[in-house]
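These notes concern the structure reproduced below.
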There are 2 protein chains.
Amino acid sequence: MNKDRLIKLTIQARVLKAVAHPSRLCIVEELSKRERCVCELTEMIGADMSTVSKHLTVLKQAGIVADEKRGAMVFYRLRVPCLGKLFESVESVLECSARELMEAAK
Amino acid sequence: MNKDRLIKLTIQARVLKAVAHPSRLCIVEELSKRERCVCELTEMIGADMSTVSKHLTVLKQAGIVADEKRGAMVFYRLRVPCLGKLFESVESVLECSARELMEAAK
DNA sequence: CGTGCAATTGGTTATTTGGCCAAGTGGCCA
DNA sequence: TGGCCACTTGGCCAAATAACCAATTGCACG
């Protein structure tokens, strides 16, 4: 395989991998509505705050979210407005095989 | 978090995770052009055939590809025509932070 | 100033992943 | 029917992931 192609695929894969986790997907959905502090996201997800913080680091390193410190709190927001299309694509896969996957997930 | 929501997020994450790997991304791109046998995909990726076969299993379990045996060969094709949007979304993330990510990938 | 909350970082552990090799399966043809 | 393809599966191992707890940092406010 061509080296440039491999680099490009690796970068794309990194972005996809970053959102390929239930908690991080949840964070992205939430941030698509409005910015949130770590506190609120932690409450929503129901995991340890340190865990959520690490998820946010992953999203940040993939270039998906940005953070801003205001006082004692840190607010996160999406860097990219149009992640909607990504979910559409995922949905189109799910429509083809919704039943089997629903079963597998339970 | 709501249980139904968690299930949905888990399923979405599984689909994303399935494509979140350079080799599997490469396979998906290739299959979006035309069907391919394992042989050809192996050649293209340059890994062991057993490795490629396992990648294909991951994609199949996520409902992204389908396989069909014809004679001694097995042909894979996309089950979903419109993964293009998914790549568009990934691209939109990359545009925002292309330089940093390119560096990180090298 | 020091206590207390918000968040991150480090450490540890269990699980998952991704790779190769070796062995097994199934079809085709000489 | 024997052997060679095209694949898949199982085993193994190194590395990455995800979770929690504990310790640390940074800010604010009494």
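Chain letters run A, B, ... following the sequence lines, proteins first, then strands; residues in each count from 1. Keep in mind the model is a prediction, meaning the values are calculated, not measured.
- When the P atom of C:dA6 is taken as reference, atom CG of A:Leu41 falls 13 Å away, rounded to whole Å.
- Using a 4.0 Å cut-off between a side-chain N of Lys or Arg and a carboxylate O of Asp or Glu, A:Glu40 and A:Arg34 do not qualify as a salt bridge.
- Across the protein-nucleic acid pair, B:Met49 atom CE and C:dA23 atom C1' stand 16 Å apart, rounded to whole Å.
- Regarding A:Lys17, its NZ atom lies at a distance of 9 Å from the P atom of D:dA16, rounded to whole Å.
- At whole-Å resolution of the value, CZ in B:Arg36 and C1' in D:dC7 are 18 Å apart.
- B:Ile27 has its CD1 atom 14 Å from the C1' atom of D:dC7, to the nearest Å.
- Residue B:Val58 is not grouped with residue A:Leu9 when hydrophobic side chains (ILVMFWY) are merged at heavy-atom distances under 4.5 angstrom, including chains of intermediate members.
- OP1 or OP2 of C:dT17 has not a single side-chain nitrogen or oxygen of B:His55 nearer than 4.0 Å.
- Distance CG (B:Leu56) to P (D:dA6): 16 Å, rounded to an integer number of Å.
- Checking the phosphate oxygens (OP1, OP2) of D:dA19, a side-chain nitrogen or oxygen of A:His21 falls inside 4.0 Å.
- Using a 4.0 Å heavy-atom criterion, one finds that B:Phe75 contacts no nucleic acid atom at all.
- When the shell of 6.0 Å around NZ of A:Lys3 is examined, it contains 12 or fewer heavy atoms from other residues, nucleotides or ligands.
- Residue contacts shown for A:Met73 are limited to sugar-phosphate atoms, with no base heavy atom under 4.0 Å away.
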Per-nt protein contacts along nucleotides 20-30 of chain D (heavy atom under 4.0 Å; B base, S backbone sugar-phosphate only, - none) come out as BBB---SSS--

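- Checking the phosphate oxygens (OP1, OP2) of C:dT8, a side-chain nitrogen or oxygen of A:Tyr76 falls inside 4.0 Å.
- Checked by atom type and distance alone, the side chain of A:Ser53 never pairs as donor or acceptor with a backbone atom of A:Met49 at under 3.5 Å.
- In this structure, B:Glu68 atom CD and D:dT8 atom P are separated by 13 Å, rounded to whole Å.
- C:dA7 atom P lies 11 Å from atom CG of A:Asp67, rounded to whole Å.
- Between B:Arg5 and A:Glu29 there is a salt bridge, since at least one side-chain N of the basic residue sits less than 4.0 Å from a carboxylate O of the acidic one.
- Panel note: side chain A:Arg14, backbone A:Ala62; no donor-acceptor pair is recorded below 3.5 Å.
- Taking Ile, Leu, Val, Met, Phe, Trp and Tyr as hydrophobic and joining them when side-chain heavy atoms fall under 4.5 Å apart, one finds A:Met73 in a cluster with A:Phe75.
- Nucleic acid contact for B:Lys60: none, since no nucleic acid atom lies under 4.0 Å from a heavy atom of the residue.
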